[in-house]
Amino acid sequence: MAVLVIAEHDGEQLAAATRSAVAAAQLLGSEVDLLVAGHRVETLAAAAACIAGLRGVLSCDAPQLEHALAECHAPLVASLAGEYSHVFTAATTTGKNLLPRVAALLDRAQVSDLMAVVDAQTFVRPVYAGNALETVRVEETPVVASVRPTAFGAVGDDDPVAIRVVQLPDAPPAGSRFLKLEASPGERPELTTAGVVVSGGRGVGSAENFALIDQLADALGAAVGASRAAVDAGYVPNDYQVGQTGKVVAPSLYVAVGISGAIQHLAGMKDSKVIVAINKDPDAPIFQVADYGLVGDLFQIVPQLIAALEK
Amino acid sequence: MKVLVAVKRVVDYSVRVRVRADGSGVETANVKMSMNPFDEIAVEEAVRWRESGQAEELTVLSAGPDACQETLRTALAMGADRGIHLRVPDPGGALEPLALAKLLAQQVAREPVDIVLLGKQAIDDDANQTGQMLAGLLGWPQGTFCSAIRFVGEGLEVVREVDGGLEHLALELPAVLTTDLRLNEPRYVKLPNIMKAKKKPIEVREAAELGVDIAPRVQIIQVAEPARRTAGVVLNDATELVARLREEAKVI
């Protein structure tokens, strides 16, 4: 039996996380189909068909699928799942919202946030904010699992595969209606897939001072993140939050500025390849996980760092 | 309007968890336990509805060993009206999200409510599944990861914390909602309220006798410590840092 991966998109572009979900699915040793569901998804399905290593793309087009409402998408996925050994999607907020509803419709358990594939039935996932790793085995078919995107590489493009159009099954009314998305402004790389991330914490002191973090990010071509303390203090919007309850990132370089390193925050970034910490407190826990540390006033160090990078 | 809030007893968020040497799980004996922080936010939100008159009855439910009643008492002290304890003998392992969702669906069938409110995830298993599964089983709309909930007309408008920003949805009732961190700040429970809560009723039912399949579906083979990072070096200045990042780490 093949594996079904549910693609995520914003109506215009496929989410980068979908390529990581495909990468995880390809480790199972079976063929992989990708489902693109939405409204007017012809272009998206064509782009999805170019993702390397797929058997095929399933495309479902209906007005009620325009937004990622789990009430509308879950019956579709459940109607297709019978032909598959596994149903995977990325553990983004969209995937986390949708997949458990699918699992319930199928009367199946779900494995959340899969980090490693041991074999087709056995997986590793984090619990307690990543302070413990659980190896779990699922004997049911299909196996329903969400994939932590940062734990798997992204699949590239290849020659296109065939696209099969599938029909939306009859389903009861959703009971929910999309009103609007208040998108966070910004033209920087997406936080969860960026190669370099610069994050600011409570030490940054104010929303105005956060401009300094932005400047450092620009000098590094980085995405901008924040600790929960900085988000709670209102320096930046909620979707900047890196941590157990925010976003999990694993870039090749993570720069933590004015972040003390609460367990909550470490859970979201400790799998980064290289960690740099800039903090005035030499005893801050962030230095316990940092490869390189600078102890001192961030308002002096960060401008020096920007200058040194531009040399 | 009737509201049901589900609460879970978990290892306190401030405890640094330790994996048992035999790999069978995380040490929970003699460890401080508390209400899951997201569930505390759910109770707080529902208590505010109760105080403002939008909700006329607030029931809290917890499934697990006898000690769950402590968690229910906390919720009652915060302002819930009554508790339901679905008893799962200890040690019997934790209930999986699907099992809890089925128990909650059965409870809702027994005593209908307009809103079931839950934390978005428990900080022990980090599953983030129960609310969505319950909504699927009931066929109700779902508002997950809410940072704002407003009563509008016959329904709700919710603001959800999503990867791209904030999503606004309109939901019909009945509905299942799950809470994110910024929905509210839970109150501190005052001593007189703790005393009062002792008199509030808690109904105890045996989970195994409710005719719901709660057997585990997922086998936990092993629990291990993640690889530890070791502390690196403290450098002198920004110039040295840039040199190291370029030449040693080769990440820029």
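Order of the sequence lines fixes the chain letters, A, B, ..., with proteins taken first and strands second; residue numbering starts at 1 for each chain.
Ranked by non-hydrogen atom pairs under 4.5 Å with chain A, the options B/G25, B/A175, B/A224 are led by B/A224. Per-residue counts of heavy-atom pairs under 4.5 Å with chain B were compared for A/P173, A/S146, A/S272, A/A277; the largest is that of A/S272. For the set B/E167, B/Q142, B/R228, the entry with the most heavy-atom pairs within less than 4.5 Å of chain A is B/Q142. In terms of heavy-atom pairs under 4.5 angstrom with chain B, the leader among A/K180, A/K96, A/E134 is A/K180. Ranked by heavy-atom pairs shorter than 4.5 Å toward chain B, the options A/R228, A/K273, A/E190, A/Q241 are led by A/R228. When the candidates B/E225, B/E96, B/R182 are compared by the number of heavy-atom contacts under 4.5 Å with chain A, B/R182 comes out ahead. Interface check for chain B: of the options A/I301, A/T94, A/T92, A/L99, the most heavy-atom pairs under 4.5 Å are formed by A/T92. In terms of non-hydrogen atom pairs under 4.5 Å with chain B, the most contact-rich of A/V124, A/I286, A/N97, A/V276 is A/N97. For chain A, the option among B/T144, B/L181, B/N128 with the highest count of heavy-atom pairs below 4.5 Å is B/L181. Counting heavy-atom pairs under 4.5 Å between each of B/G165, B/G23, B/G131, B/A243 and chain A puts B/G165 at the top. With chain B as the partner, the residue from A/V196, A/V231, A/V295 showing the most heavy-atom pairs under 4.5 Å is A/V231. Ranked by heavy-atom pairs under 4.5 Å with chain A, the list B/V234, B/V218, B/V233 is led by B/V233.
Looking at A/K247, only its side chain comes within 4.5 Å of chain B, counting heavy atoms on both sides. For B/V26, the part lying near chain A is the side chain, with the backbone staying farther off; criterion is any non-hydrogen pair under 4.5 Å. Contacts between A/V302 and chain B at a heavy-atom distance below 4.5 Å are absent for every atom of the residue. Heavy atoms of A/Q264 lying under 4.5 Å from chain B are absent altogether. The part of A/E140 that comes within reach of chain B is its side chain, from C-beta onward, which places non-hydrogen atoms under 4.5 angstrom from that chain. Both the backbone and the side chain of A/A132 come within less than 4.5 Å of a heavy atom in chain B. Using a 4.5 Å cut-off between heavy atoms, A/I306 makes no contact with chain B at all. Both the backbone and the side chain of A/Q288 come within less than 4.5 Å of a heavy atom of chain B. Contact of B/L241 with chain A is made through the side chain alone, with heavy-atom distances under 4.5 Å. Proximity to chain B is limited to the side chain of A/T122, based on heavy atoms less than 4.5 angstrom apart. For B/N236, the part lying under 4.5 angstrom from a heavy atom of chain A is the backbone only. Looking at A/I275, both its backbone and its side chain come within 4.5 Å of chain B, counting heavy atoms on both sides. Proximity to chain B is absent for every atom of A/A74, based on heavy atoms less than 4.5 angstrom apart.
Of all non-hydrogen atoms in B/P226 and A/N131, the two that sit nearest each other are CD-O, 3.2 Å. The two residues B/T239 and A/A308 have their closest heavy-atom pair at CA-CB, 4.2 Å. Heavy-atom minimum distance, A/D291 versus B/R229: OD2-NH2, 2.8 Å. Residues B/M133 and A/A103 share a closest heavy-atom pair of CE-CB, 3.8 Å. Scanning both residues, B/V162 and A/L181, for their nearest heavy atoms gives CG2-CD1, 3.8 Å. The shortest heavy-atom contact between A/R101 and B/W140 is NH1-O, 2.7 Å.
Contacts from residues 146-160 of chain B to chain A, taken as heavy-atom pairs separated by less than 4.5 Å, involve B/E157, B/R160 in sequence order. Residues of residues 8-21 of chain B that come closer than 4.5 Å to chain A, counting heavy atoms only, are B/V11, B/R16, B/V17, B/V19, ordered by residue number. Of all residues spanning residues 27-41 of chain B, those with a heavy atom less than 4.5 Å away from chain A's heavy atoms are B/T28, B/F38, arranged by number.
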Output, in order, the C-alpha distance, side-chain angles, deciding distance and verdict of salt bridge (charged side-chain N to carboxylate O under 4.0 Å, His left out) for A/D107 and B/R217. CA-CA 10 Å; A/D107 191 24; B/R217 307 281 194 90; 2.9 Å; yes
Using side chain to side chain contact (heavy atoms under 4.5 Å, CB included), reason through B/E161 and A/D239 one step at a time and then give a plain yes or no. CA-CA 7 Å; B/E161 299 205 353; A/D239 59 322; over 6 Å; no
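Panel note: side chain A/T93, backbone B/D163; a donor-acceptor pair is recorded below 3.5 Å. Looking at A/R125, its side chain does come within 3.5 Å of a backbone N or O of B/D125 through a donor-acceptor pair.
For the atom pair CG (A/L179) and CG (B/L169), the distance works out to 6.5 Å, reported to the nearest 0.5 Å. The line from OH of A/Y128 to CD1 of B/I123 is 8.5 Å long, rounded to the nearest 0.5 Å.
With a 6.0 Å radius and a threshold of 12 heavy atoms from other residues, nucleotides or ligands, A/Q64 has its CD atom above the threshold. Atom CZ of A/R177 has 12 or fewer heavy atoms from other residues, nucleotides or ligands within 6.0 Å. Within a 6.0 Å sphere centred on CD of A/E182, heavy atoms belonging to other residues, nucleotides or ligands number more than 12.
B/L166 places a side-chain heavy atom less than 4.5 Å from the side chain of A/N238. Under the 4.5 Å side-chain criterion, counting only non-hydrogen atoms from C-beta, B/Q219 is not in contact with A/V138. Side-chain contact between A/L305 and B/V242 is present, with at least one heavy-atom pair separated by less than 4.5 Å.
Side-chain contact, A/S112 with B/Q129: a donor N or O sits under 3.5 Å from an acceptor N or O. Side-chain atoms of A/Q304 and B/D237 include no donor-acceptor pair closer than 3.5 Å.
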N/O donor-acceptor pairs under 3.5 Å from side chains in residues 245-252 of chain B, not counting sequence neighbours:
{"unit_1": "B/R246", "atom_1": "NH2", "unit_2": "A/L309", "atom_2": "O", "d": "3.0"}
{"unit_1": "B/E248", "atom_1": "OE1", "unit_2": "A/Y292", "atom_2": "OH", "d": "2.3"}
{"unit_1": "B/E248", "atom_1": "OE1", "unit_2": "B/R244", "atom_2": "NH1", "d": "3.2"}
{"unit_1": "B/E248", "atom_1": "OE2", "unit_2": "B/R244", "atom_2": "NH1", "d": "3.2"}
{"unit_1": "B/K250", "atom_1": "NZ", "unit_2": "B/E247", "atom_2": "O", "d": "2.8"}

